[in-house]
Amino acid sequence: MDERLHELIREAVRSVPRGRVATYGDIAARTGASSPRIVGKVLSEDGHDLPWHRVIRATGRPAEPVARRQLELLRAEGVLADDGKVDLGQYRWR
DNA sequence: GTCATGACACCTC
DNA sequence: CGAGGTGCCATGA
């Protein structure tokens, strides 16, 4: 794994504004990651100190393993989820 | 080298 | 809108 890319991804996640969200694909495209999967890997391994809850899947639903906690954190920032699904059209970053 | 796994995305039906 | 199949790529056995 390229360390520079690793840092770029962390930086991109850090740059997501409070009250907004981004998809794994968005972060991947913005950082040049070869695949959205890489983003998920970085978050799971080294995302504990990042606003990881602002990164969700393209469907608007958070990743399964942390879905419950993620929705709470988002709700605390003003990102409302309709039946576990975030309105990307409204909250998607840039 | 092959095979399986996973905080994913996209296309079809 | 959803379910299923396919593509994707780093990692570890």
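Convention: sequence-line order gives letters A, B, ...; per-chain numbering from 1.
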Completion exercise
A/D87 atom CG is separated from C/dC1 atom P, nearest whole Å, by 10 Å

Practice task
Look at A/R14 together with A/E11 and state whether they make a salt bridge at an N to O cut-off of under 4.0 Å.
Solution key: yes

Fill in the blank from the handout: Against the side chain of A/R57, the closest entry in C/dC9, B/dA9, C/dG2 is B/dA9

Handout entry: Spacing of A/I27 atom CD1 relative to C/dC8 atom P, expressed in whole Å
Key = 22 Å

Handout entry: Integer-rounded Å distance: B/dA7 C1' and A/H53 NE2
Key = 14 Å

Practice task
Would you kindly give the OH-to-P distance between A/Y24 and C/dA10, to the nearest whole Å?
Solution key: 18 Å

Handout entry: Side chain proximity check, A/L74 to A/Y91, heavy atoms < 4.5 angstrom
Key = no

Handout entry: Under 3.5 Å: donor-acceptor pair, side chain of A/Q70, backbone of A/V55
Key = yes

Practice task
Could you walk me through whether A/I56 and A/L88 pass side-chain contact (heavy atoms from CB on, under 4.5 Å), step by step?
Solution key: CA-CA 10 Å; A/I56 62 183; A/L88 288 176; 3.5 Å; yes

Problem - Separation between the P atoms of C/dC9 and B/dC11, rounded to whole Å - result: 16 Å

Handout entry: For atom CG of A/D2 and atom C1' of C/dT11, their distance in whole Å
Key = 15 Å

Practice task
Give a yes or no answer on whether the side chain of A/S35 reaches the backbone of A/I38 with a donor-acceptor pair at less than 3.5 Å.
Solution key: no

Handout entry: Side chains of A/V42 and A/L5 in contact at under 4.5 Å (non-hydrogen atoms)
Key = no

Practice task
Consider the side chain of A/S35, meaning its heavy atoms from C-beta on, and name the nucleotide among B/dA9, C/dC9, C/dA10 that approaches it most closely.
Solution key: C/dC9

Exercise for the section: Output, in order, the C-alpha distance, side-chain angles, deciding distance and verdict of side-chain contact (heavy atoms from CB on, under 4.5 Å) for A/D87 and A/L80. Expected result: CA-CA 8 Å; A/D87 183 349; A/L80 306 180; over 6 Å; no

Practice task
Report which part of the nucleic acid A/T23 touches: base, sugar-phosphate, or nothing (heavy-atom distance under 4.0 Å, all strands).
Solution key: sugar-phosphate

Practice task
Take the protein atom CG of A/D26 and the nucleotide atom P of B/dC10, then report the distance between them rounded to whole Å.
Solution key: 9 Å

Practice task
Please answer whether the main-chain N or O of A/D46 pairs with a side-chain N or O of A/R10 as donor and acceptor at a distance below 3.5 Å.
Solution key: yes

Handout entry: Side chain of A/V66 (C-beta onward), nearest among B/dA7, B/dC10, C/dA10
Key = B/dA7

Exercise for the section: Please examine the side chains of A/R54 and A/V79, heavy atoms only from C-beta on, and report whether any two atoms are closer than 4.5 Å. Expected result: no

Fill in the blank from the handout: From the candidates B/dA9, C/dT11, C/dA10, the one with an atom nearest any side-chain atom of A/S34 is C/dA10

Handout entry: Within residues 38-50 of chain A: residues closer than 4.0 Å to DNA chain C (heavy atoms)
Key = A/I38, A/K41

Exercise for the section: Nearest whole angstrom, please: distance from the P of C/dC9 to the CD1 of A/I9. Expected result: 14 Å

Completion exercise
Dot-bracket for DNA chain B, 5' to 3', Watson-Crick and G-U pairs with both distances under 3.5 Å, [ ] for crossing pairs, | for partner on another strand, reads .|||||.||||||

